[in-house]
Engineer: 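Got a structure for you, questions after.
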Amino acid sequence: MPLWFPQGSPNLPPPKPPPYTPRMTTAVDQVAEVEREAREALEGAADEAALEAWRTRVLGRSGTLTGILRGLGGLPAEERREVGQAANLAKQALEAALEARQDALRAAAREAATRDAIDVTLPGRPVRRGRLHPVTRTLQEITRIFERMGFQAVEGPEVELDEYNFERLRIPEHHPARDMWDTFWVDEEVDGRQPLLLRTHTSPMQIRFMEQHEPPIRIVVPGRCYRYEATDATHEWMLQQVELLAVDEGLSMADLKGTLQEFARQMFGPQRRVMMRNSYFPFVEPGVELAVDCYACPGNDPTCSVCRGAGWVEIMGAGMVHPEILEAAGYDSDRYTGFAAGMGVERIAMPRYGVEDIRLFYQNDLRFLRQF
Ligand code: PHE
């Protein structure tokens, strides 16, 4: 009987490890290994093509798992059931994993596609609407007011002959009246006619129209004019004018005054005061000018850049058509009389829009232009 020691006998040899029995790799282990390997490969499949290759290699007709299922018939009945169950479970699990991987890849692709595309939820960029320049608008308004009174709108050339711009308006060469219009001259001849210039006013159209028409005449002539001018708050070297001409039997100064007064009322409203005072232009007799009360100062500020303390701003010249001009056109000046006027469009746009410097109109500064 061996002795009993509470701590065990120091003399006893250490207990032997159990004998090593090498584990047999069974068909069930093989299934597990195939599944493990397949799952790992599936994680590395990055696109649809890789997924399809994976499916063929694992679940396809000659796939690894399919091979095991095919081989079941050759196993003993006991093992066949066990392996068959394991293989079928592995097949279902791998099919589900494939589907999950497919869904994940598709979702990622969709996400990537929308990330680089246009964000349709952003508000659109507004398209700025253009609008007409305040001078163009004023020009159209002036023309329309006179059209409503029965005047017909016509246009004439901007490059004009000296003959129409000056001579036939009774402004001969060396006449001091030419000093009123410093001029841009053009060196070329056109149709052998010379000298040419950029018209300084729209009045040449009076002559051109009378030359080709018989009274009664009522025309309104909008257009650009050019003057060799030192620019300041009320003078530009390019300006727009509207010319007015009426020739008929029995026209008098009262018709001129009434027409211009009605124009001013429609253009500026009843609150703006207008004044007519006498003036001189070689092609009218008598000549007048029409002024509106100053819109930039109370009317007595000597430093005012618009009226210089005069209180009035000239917006047009006018008068009764000179009889010599009617005669030159072939009209009987005993029978016919006429009135004419020529107005500066910018000078009219200025009080209308409260613009105190004419030069702002053509500087094309959008900060200025967007206000209208
Ligand atoms: N043509 C003149 C100017 O430019 C204005 C005017 C026109 C005066 C018609 C009288 C009659 O100043």
Side-chain angles (χ1 to χ4, degrees), residues 135 139 142-143 146 151 153-158 160-172 175-184 197-210 217-229 234-248 251-253 255-261 263-264 274-292 312-326 328-329 337-350 358:
V135 173
L139 185 92
I142 296 170
T143 309
F146 288 119
F151 289 81
V154 293
E155 285 179 304
E158 283 177 37
E160 194 42 288
L161 289 163
D162 176 276
E163 182 189 342
Y164 289 101
N165 195 83
F166 291 130
E167 293 286 333
R168 290 168 70 176
L169 285 165
R170 304 183 69 254
I171 315 168
H175 191 284
R178 283 214 184 191
D179 295 348
M180 288 203 284
W181 298 279
D182 287 316
T183 311
F184 292 109
L197 52 96
L198 298 184
R199 69 178 173 194
T200 60
H201 51 177
T202 42
S203 299
M205 232 354 232
Q206 291 186 29
I207 307 298
R208 285 184 178 276
F209 199 86
M210 284 191 272
I217 289 169
R218 275 167 185 71
I219 55 165
V220 56
V221 190
R224 281 169 211 276
C225 307
Y226 304 83
R227 293 180 186 182
Y228 183 66
E229 192 104 59
T234 51
H235 294 86
E236 257 292 6
W237 60 268
M238 193 282 289
L239 60 136
Q240 312 226 28
Q241 282 198 339
V242 174
E243 188 85 10
L244 207 63
L245 175 69
V247 181
D248 206 343
L251 285 181
S252 75
M253 196 76 183
D255 297 298
L256 171 64
K257 201 175 162 187
T259 303
L260 295 185
Q261 220 157 36
F263 162 75
V274 296
M275 172 180 68
M276 197 181 249
R277 61 186 166 199
N278 82 312
S279 184
Y280 172 74
F281 301 94
F283 39 93
V284 287
E285 182 57 39
V288 295
E289 66 181 40
L290 196 83
V292 293
W312 296 94
V313 190
E314 193 209 327
I315 58 166
M316 70 174 90
M320 301 307 291
V321 179
H322 198 289
E324 278 182 24
I325 285 184
L326 295 173
T337 49
F339 65 78
M343 59 202 79
V345 179
E346 294 84 357
R347 296 276 183 96
I348 289 171
M350 286 167 80
I358 194 171

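When a ligand or atom number is given, it counts from 1 through the structure's own listing order.
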Engineer: Below 3.5 angstrom, do we get any N/O pair linking T200 and ligand 1?
Structural biologist: no
Engineer: Would R208 and Y164 count as a cation-pi pair here, with the cationic atom under 6.0 angstrom from the ring centre and within 45° of the axis?
Structural biologist: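 R208 over Y164 ring: yes.
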Engineer: Please examine the side chains of F281 and L169, heavy atoms only from C-beta on, and report whether any two atoms are closer than 4.5 Å.
Structural biologist: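 Not in contact.
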Engineer: For M343 and ligand 1, answer yes if some heavy atom of the residue is under 4.0 Å from a ligand atom, otherwise no.
Structural biologist: no
Engineer: What do we get for M316 next to ligand 1 when only non-hydrogen atoms under 4.0 Å count, side chain, backbone, both or neither?
Structural biologist: neither
Engineer: Between L260 and A318, which heavy-atom pair has the shortest distance, and what is it?
Structural biologist: CD1-CB, 4.0 Å
Engineer: Just going by heavy-atom distances, which of R199, E243, Q206, R227 is nearest to atom 3 (C) of ligand 1?
Structural biologist: R227
Engineer: Among T143, V242, I315, whose side chain to side chain contact (heavy atoms under 4.5 Å, CB included) with V345 holds?
Structural biologist: V242
Engineer: Can you name the atoms of ligand 1, numbered from 1 with element, that are less than 4.0 Å from a heavy atom of Q241?
Structural biologist: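 Near Q241, meaning under 4.0 Å from one of its heavy atoms, ligand 1 has 3 (C), 4 (O).
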Engineer: Side chain, backbone, both or neither: which applies to C225 and ligand 1 if a contact is any heavy-atom pair less than 4.0 Å apart?
Structural biologist: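 Under 4.0 Å from ligand 1, C225 contributes no heavy atoms.
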Engineer: Would you please name every residue forming a side-chain hydrogen bond (donor to acceptor under 3.5 Å, both in side chains) with T234, sequence neighbours left out?
Structural biologist: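 T234: side-chain hydrogen bond (donor to acceptor under 3.5 Å, both in side chains) contacts with D232.
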Engineer: Any heavy-atom pair between the side chains of L244 and F263 that's under 4.5 Å?
Structural biologist: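 Not in contact.
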Engineer: Hey, is A318 one of the residues with a heavy atom under 4.0 angstrom from ligand 1?
Structural biologist: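 Judged by the 4.0 Å heavy-atom criterion, A318 does count as contacting ligand 1.
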